[in-house]
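Okay, so here's the structure we're looking at.
A, B, ... follow the sequence lines: proteins, then strands. Residue 1 opens every chain. Hydrogens, waters and symmetry mates play no part in the numbers below; they use all other heavy atoms, side chains included.
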Protein chains: 2
Amino acid sequence: MRKRDDIKTELVKEQAIKMLVETGFDGFSMQKLAKVCNISVATLYIYYQHKEDLISKIGVEESNRMFTATLKNFSSDLSFADGLKLQWENRAKFSLQNDLSARLIEMLWNSPYAENIFENSNNHIKDILGKHLKNAVANKQLIPIKSFFVFWSLAYGPLYALIRFHQENKTAFGKNFKFNNQVMYQTLEIVLKGLTP
Amino acid sequence: MRKRDDIKTELVKEQAIKMLVETGFDGFSMQKLAKVCNISVATLYIYYQHKEDLISKIGVEESNRMFTATLKNFSSDLSFADGLKLQWENRAKFSLQNDLSARLIEMLWNSPYAENIFENSNNHIKDILGKHLKNAVANKQLIPIKSFFVFWSLAYGPLYALIRFHQENKTAFGKNFKFNNQVMYQTLEIVLKGLTP
DNA sequence: TTAATAAATGAACGATCATTTACTTATATT
DNA sequence: AATATAAGTAAATGATCGTTCATTTATTAA
């Protein structure tokens, strides 16, 4: 028996993410990935069954990292404002500190891979956020909202828009925009103004 | 001189969008596109210089269609609430009636193609929305917001989240969600609650 | 020290890729 | 009716694709 080289497997993940983000789904290939990692293509097929498996597995792993980071220290029993603030801070921190991962997740959401990757991973989140929403309405910290989706759009949509602007920094719409805490807290304040009774 | 077959060029655009959305950037190829359109690959190279040119040109065209549709009947002189409502309605209508185009635009935003496609197309929009924002603040129809990006995130972020849920309908997060006017107007109402003095 | 075994590889497979070339076809203008 | 010219094509180019296979290498357990 020989142990799998953890450094090599991590290198593969890291370089795969980099290549996918920088060159897109077209532009990414197994042979290029192997070359960049200085390993044999065949080694990739020891780690993963096929290309789709590689992309899917890495996608699942990265999005789980993001979900976990976003919910760090969160509890459905937190007051509505505190809970929302914590999640905004967590999510923003993750996106800033894991730029490539955040971009990859965004790419995967808008690709045919999404169906496999995000199939079940969201039930857990939905449960937790749904409970938080329910508590908040019951405690009159939040105006009555029946639809989870309406709630989500209002409570998190603006943050994701800000993060997107930041990611697009060098191109397109977000030119000259820099995300920082001041911008985030100002936005959050107005979101809370709308959502609280 | 022989005239270019408009029906054929439109068929190419339509099928290219369909293939890109349904099979992703990997999964799309010039040869497959030609076969689906029952034309020769070489014909594609009469219409477009190369693959990237094809994707970029179609992307520019579709996003211009979307921007134009979103701003239909809009004027910076409309009251803040009226202007916002109109844009929400326009944008929602476009996304529902042009599902594939809306999905393609979303894919392109999160791809390396974005830099070429959306390079300049946004200055116009930013001008118009910026003016509307300014007027609204001056007329005290809107709380004072300094940053255009903060404003955009709050005013449009929730709508785009709703549309995304609707697009993801069959997969992932948006399972069982159906976009309709009631949902849109309820969300808009709360957005306005936050944004108006 | 050795036997067992999984990790890792180099080299190859046929398929498909983007793109080009030499050629034919259709039509607008004369 | 003839000519010019762009549209359109069939077939091929070499490169690269995803994947496999026979073989070697490293390491664990005995």
Is the shortest side-chain heavy-atom distance between B/V60 and B/Y113 below 4.5 Å?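 Sidechains of B/Y113 and B/V60: no contact.
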
OP1, OP2 of D/dG18 versus side-chain N and O of A/K51: anything below 4.0 Å?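 So the side-chain polar atoms of A/K51 do come within 4.0 Å of the phosphate oxygens OP1 or OP2 of D/dG18, strictly under.
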
Spell out yes or no: do the side chain of B/S40 and the base of D/dG8 have one donor N/O and one acceptor N/O closer than 3.5 Å?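 Looking at the base of D/dG8, it does not pair with any donor or acceptor on the side chain of B/S40 (distance under 3.5 Å).
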
State whether the distance check finds a donor on one side and an acceptor on the other, under 3.5 Å, for side chain A/R2 versus base D/dA26.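 Donor-acceptor pair under 3.5 Å: no.
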
Quick one: [X] [atom1] to [N] [atom2], roughly how many Å, whole number?
X: B/H50; N: C/dT20; atom1: NE2; atom2: P; result: 10 Å
X: A/I7; N: C/dA8; atom1: CD1; atom2: P; result: 11 Å
X: B/Q31; N: D/dT16; atom1: CD; atom2: P; result: 16 Å
X: A/R4; N: C/dT9; atom1: CZ; atom2: P; result: 12 Å
X: B/I46; N: C/dT24; atom1: CD1; atom2: P; result: 16 Å
X: A/K8; N: D/dT25; atom1: NZ; atom2: P; result: 14 Å
X: B/D5; N: D/dA6; atom1: CG; atom2: P; result: 18 Å
X: A/K35; N: D/dG18; atom1: NZ; atom2: C1'; result: 16 Å

Between residues 15-30 of chain B and DNA chain D, which residues have a heavy-atom gap below 4.0 Å?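 Going residue by residue through residues 15-30 of chain B, none turns out to have a heavy atom under 4.0 Å of DNA chain D.
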
Just checking, is any N or O donor in the side chain of B/S79 or B/Q141 under 3.5 Å from an acceptor N or O on the other one?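 Checked: B/S79/B/Q141 side chains show no N/O donor-acceptor pair below 3.5 Å.
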
Could you tell me whether the side chains of A/E106 and A/Y160 share a donor-acceptor contact shorter than 3.5 Å?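 Looking only at side-chain atoms, A/Y160 and A/E106 do not form any donor-acceptor pair under 3.5 Å.
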
Do the ring centers of A/F165 and B/W152 come within less than 6.0 Å of each other?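 That pair passes the under 6.0 Å test.
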
Centroid separation under 6.0 Å, is that true for the rings of B/F149 and A/F179?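 Ring centroids of A/F179 and B/F149 are no less than 6.0 Å from each other.
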
Excluding sequence neighbours, so at least two apart, what forms side chain to side chain contact (heavy atoms under 4.5 Å, CB included) with B/Q186?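 Per chain and number, B/Q186 pairs via side chain to side chain contact (heavy atoms under 4.5 Å, CB included) with A/I145, A/V150.
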
Name the residue closer to the 5' end of DNA chain C, choosing between A/V41 and B/Q49 according to the nucleotide with the nearest heavy atom.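 Nearest nucleotide further toward 5': that of A/V41.
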
Please round to the nearest 0.5 Å and tell me the distance separating atom CZ of B/F74 and atom NZ of B/K85.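 Answer rounded to 0.5 Å: 14.0 Å.
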
Hey, which of these two, B/K3 or A/A42, hits DNA chain D nearer its 5' end, going by closest nucleotide?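 Final value for this comparison: B/K3.
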
Touch check for B/Y47, heavy atoms < 4.0 angstrom, all strands: base, sugar-phosphate only, or nothing?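 Counting heavy atoms under 4.0 Å across all strands, the contact made by B/Y47 is with sugar-phosphate only.
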
